[in-house]
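Reviewing the structure listed below.
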Amino acid sequence: MVDAARPADRLRAQHRSRAVSEIPYSYPWDTAASAVAEQWSSLEPGEESGAIVAVAGRIMLSRPQGKLAFAELRDSSGSVQLFCLAKVTEDFEAFTHLSLGDWVGATGEVVRTKRGELSVKVTSWQLLAEARRSFGDKWHGVSDVETRYRQREVDLWANEESRGRLLARSALIRNLRERLWGQGFIEVETPILNPIAGGAAARPFTTHHNALDATFYLRIAPELYLKRLVVGGFERVFEIGRLFRNEGISTRHNPEFTTVEAYIAYMDYLGLMELVEELVAGIVMDVCGTTTLSYQGQTIEMGAPWRRATMAELTSEAVGRPVDVHTDRAVLAELLIAAGGKAPDDSWGPGKLLAELFEATAEASIVQPTFVTDHPAETSPLARRHRDDPDLVERFETFVVGRELINGFSELTDPDDQRARFEEQAAAHEAGDDEAMLVDEEYLRALEHGLPPTAGVGIGIDRLAMLLVDAANIREVIAFPTLKPLPQG
RNA sequence: GCGCCUCUAGCUCAACGGCAGAGCAACGGACUCUUAAUCCGCAGGUUUCGGGUUCGAAUCCCGAGGGGCGCACCA
């Protein structure tokens, strides 16, 4: 648990506080720990390189030994040993009293010790920060989950795997950006404070702007704004950013989470599926070095192409009889009840029933990346109607290990149809569905200026990161996951 | 929101109705090639909090709080 300084920690601070007044404002380091290992790997035991380097980092282990002292210094690139001698090292006595966790800058010659450890033979060094609190057991690290999430700085200091997970996430986002830039996309930013929370079905967070005396909602999706930018003439746009949904927290859900949404003019959902599987497979290859992932004991093949099947096909397969959006309502409702799904509501049409039936039966059993396509129009108010069936839309969702990872479609460009769909949603909202959308007049006006045929997609970055690093819990790939605030006092 | 589990020193864990302990780190000391160094010494606790049962509670019971997992919610 988080706590004020306990006696042992206070003692530690008192003993060492004298040194803090001498902490410099900068340190002129010139060599990363990993660079020492790479450049002087051929030094023989006992050999001295003649090269003087300055390194900086955190003391992870300290082994003072009389007139000698060894310490492991870690920076963001790796670790290097510091080797001190009373005869050579300035302020040697103080060095032997360093604590685990202290930050130090050190200058000296690169040598390999008699016992074969590549080291910096320190001539001068400086304390850069003292660790007034210990991080815990140098062997076991910190495993308490609450400490790991609430005090991520401690987790990162103590646990190599935690550092690796966040680094992989960073590599993923960088790779994604570079790929999209390379394909002619421009990166944009759209409002997080929205007068209407649109673009998805979810309960929003509410806030208030004092000067305007207006209610705002934290965005639940950037979709509508991004399409307005396409209307404005940006033919390929994307945004990487945080979305906020006021719903339950689970191993797969954090109230604020990160997605990339991308819109491409002149493309439909068929072209988009190809773009998306190539994009994601490429990222996985670059970050992991392979497209074959091991996730929670299962082997996942992320290489393109991915399986494609319609929602009706997969649902039919799962329930053992053919069903689709034209199947009689009563039959679908009965199958849904039999499958133990959500209790059917009288207001639900066959589209909603089919979607629920899919979720209750087929969804969880999809392990390998699969494009589930051709959703009911009823549950997809922003997607364009299917060219072969007006009760369906041209949409896909990608599921991996039973989870929705990606959602995309041919965008609805017709303002009249969009208004009709909004009005259906608003009616449902009126009837008590607080996740249904409202009519967004600003968006409708934008469509009236002309949205060309466009395909759009959203990818859950956190969930993709979970796959890449084999994390069972979304909190492992979020630096500071949402937690219940601790009681005051 | 519901169910099950869990909370002991800075960290990792013992003690399971009978004196609250160990290892690590911290603090003091010895040691001229260490690798989780080794050795000697010292200190560190309202056992998450509040009630109750009992001669006696970290341990059993009730309540509160934090956390984990599952369910629900999440197209």
Side-chain angles (χ1 to χ4, degrees), chain A residues 1-16 45-46 60-72 79 81-88 92 96-97 99-101 111-119 121 131-151 154 157-158 200-203 220 245-255 257 311 342 348 351-356 358-359 363 372 375-376 378-383 395 397 403-404 407 425 428 433-437 472-473 475 483-489:
Chain A
M1 286 288 296
V2 181
D3 209 342
R6 292 291 181 98
D9 282 345
R10 279 204 300 272
L11 202 65
R12 186 176 182 173
Q14 279 165 7
H15 179 75
R16 292 140 35 74
M60 296 305 291
L61 290 171
S62 176
R63 294 181 287 273
Q65 191 186 324
K67 298 288 192 289
L68 297 179
F70 303 91
E72 181 186 333
S79 294
Q81 177 168 272
L82 301 181
F83 174 38
C84 297
L85 297 95
K87 284 188 294 190
V88 173
F92 176 82
T96 65
H97 287 96
S99 293
L100 304 194
V111 303
R112 193 179 288 280
T113 60
K114 290 178 197 166
R115 291 295 197 86
E117 186 75 25
L118 201 56
S119 309
K121 191 164 101 183
R132 292 190 182 185
R133 295 172 180 273
S134 61
F135 81 99
D137 191 300
K138 69 185 178 188
W139 184 240
H140 296 103
V142 176
S143 56
D144 179 71
V145 177
E146 186 174 1
T147 303
R148 291 188 46 241
Y149 293 158
R150 285 199 193 275
Q151 300 178 249
V154 172
W157 167 8
R203 272 191 286 273
I220 57 175
R245 296 188 181 177
N246 203 342
E247 279 152 5
I249 296 176
S250 79
T251 53
R252 280 146 295 221
H253 299 266
N254 198 62
F257 60 104
M311 181 179 280
K342 241 184 272 183
W348 295 0
K352 172 75 171 169
L353 287 166
L354 179 67
E356 291 291 343
F358 167 77
E359 274 187 49
E363 183 178 299
V372 178
H375 297 55
E378 185 180 343
T379 60
S380 310
L382 300 169
R395 177 179 175 186
E397 289 177 295
R403 295 170 199 165
E404 181 188 350
N407 179 28
Q425 287 284 308
D433 181 356
D434 55 2
E435 285 166 6
M437 296 179 196
N473 193 322
R475 289 174 163 178
L483 297 173
K484 196 159 185 169
L486 292 172
Q488 295 299 305

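Below, chains carry the letters A, B, ... as their sequence lines are ordered, and counting in each starts from 1.
Distance check on atom C1': rG50(B) versus rA57(B) gives 15 Å, rounded to whole Å. When the C1' atom is used for both rA20(B) and rG45(B), the distance is 8 Å, rounded to whole Å. Between rG56(B) and rG52(B), the distance separating the two P atoms is 12 Å to the nearest Å. On the C1' atoms, rA43(B) is 7 Å away from rC27(B), given to the nearest whole Å. The same atom, P, is picked in rC73(B) and in rC5(B); the two are 24 Å apart, to the nearest Å. To the nearest whole angstrom, the two P atoms, one in rG66(B) and one in rC24(B), are 36 Å apart.
Computed from coordinates, the Trp157(A) CH2 to rC11(B) C1' distance equals 11 Å when rounded to whole Å. What separates CG of Leu82(A) from P of rU35(B) is a distance of 17 Å, to the nearest Å. Nucleotide rA37(B) holds its C1' atom 14 Å from the CZ atom of Phe83(A), rounded to whole Å. Rounded to an integer number of Å, the gap from Glu72(A) CD to rU35(B) P is 13 Å. The distance from atom CZ of Arg252(A) to atom P of rA72(B) is 10 Å, rounded to the nearest whole Å. Put simply, CD on Gln81(A) is 11 Å from C1' on rA37(B), counting in whole angstrom units. Rounded to an integer number of Å, the gap from NE2 of His97(A) to C1' of rA25(B) is 15 Å. Rounded to whole Å, atom C1' of rA37(B) lies 17 Å from atom CE of Met60(A).
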Response to the item:
Each base of RNA chain B marked ( ) or [ ] if paired in-strand (Watson-Crick or G-U under 3.5 Å), | if paired to another strand and . if unpaired gives (((((((..((((....[..))))..((((.......))))......(((((..]....))))))))))))....
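With hydrogens and angles left out, the side chain of Glu117(A) and the base of rU35(B) share a donor-acceptor pair within 3.5 Å. Asp137(A) contributes no side-chain N or O that forms a donor-acceptor pair with the base of rG10(B) under 3.5 Å.
Using a 4.0 Å heavy-atom distance criterion, Lys121(A) is classed as making no nucleic acid contact. Within 4.0 Å (heavy atoms only), Pro376(A) reaches no atom of the nucleic acid at all. Looking at heavy-atom distances under 4.0 Å, Pro255(A) makes no contact with the nucleic acid at all. Ala201(A) comes within 4.0 angstrom of a nucleotide base, judged by non-hydrogen atoms across all strands. Using a 4.0 Å heavy-atom cutoff across all strands shown, Asn407(A) reaches no nucleic acid atom at all.
Using a 4.0 Å cut-off between charged side-chain N and carboxylate O, Lys342(A) and Glu356(A) make a salt bridge. Using a cutoff of 4.0 Å between basic side-chain nitrogens and carboxylate oxygens, Arg148(A) and Glu146(A) are not scored as salt-bridged.
Side-chain contact check for Arg63(A) versus Gln81(A): some heavy-atom pair is nearer than 4.5 Å. When side chains are defined from C-beta on, Leu100(A) does not count as touching Ser134(A), because their heavy atoms never get closer than 4.5 Å. The closest side-chain heavy-atom distance from Leu85(A) to Lys67(A) is not below 4.5 Å. Met60(A) has its side chain within reach of Trp157(A): a pair of non-hydrogen atoms, C-beta onward, lies under 4.5 Å apart.
When distances are taken from the side chain of Ser143(A) to each of rC27(B), rU12(B), rG67(B), the shortest belongs to rU12(B). The side chain of Leu486(A) sits closest to rG66(B) out of rC33(B), rG66(B), rG70(B). Looking at the side chain of Lys67(A), the nearest of the listed nucleotides rC69(B), rA26(B), rU32(B) is rU32(B). Distance from the side chain of Lys138(A) is smallest for rC24(B) among the nucleotides rG66(B), rC33(B), rC24(B). The side chain of Arg63(A) sits closest to rU35(B) out of rG66(B), rU32(B), rU35(B). Looking at the side chain of Trp139(A), the nearest of the listed nucleotides rG29(B), rC33(B), rA36(B) is rA36(B). In this structure, the nucleotide among rA26(B), rA36(B), rC31(B) sitting nearest to the side chain of Gln65(A) is rC31(B). You'll find that the side chain of His140(A) is closest to rU12(B), out of rU12(B), rG10(B), rG70(B). Relative to the side chain of Arg150(A), the nucleotides rC73(B), rG66(B), rU12(B) differ in distance, and rG66(B) lies closest. Listed nucleotides rC11(B), rC33(B), rC69(B) differ in distance to Thr113(A); the shortest reach to its side chain belongs to rC33(B).
Scanning both residues, Met311(A) and Pro376(A), for their nearest heavy atoms gives SD-CD, 3.8 Å.
Between rA26(B) and Ser99(A), a contact under 4.0 Å exists linking OP1 or OP2 to a side-chain N or O. Of the side-chain N and O atoms in Asn246(A), none sit less than 4.0 angstrom from OP1 or OP2 of rC73(B).
Atom NZ of residue Lys87(A) and atom CZ of residue Phe92(A) lie 11.5 Å apart, to the nearest 0.5 angstrom.
Comparing Leu61(A) and Leu483(A) along RNA chain B, the residue whose closest nucleotide (by nearest heavy atom) sits nearer the 5' end is Leu61(A). Comparing Ser62(A) and Glu356(A) against RNA chain B, the residue whose closest nucleotide sits nearer the 5' end is Ser62(A).
In this structure, the side chain of Thr147(A) does not engage the main chain of Val145(A) through any donor-acceptor pair within 3.5 Å.
Side-chain atoms of Asn473(A) and Arg252(A) form no donor-acceptor pair, as typed in the model, at a separation below 3.5 Å.
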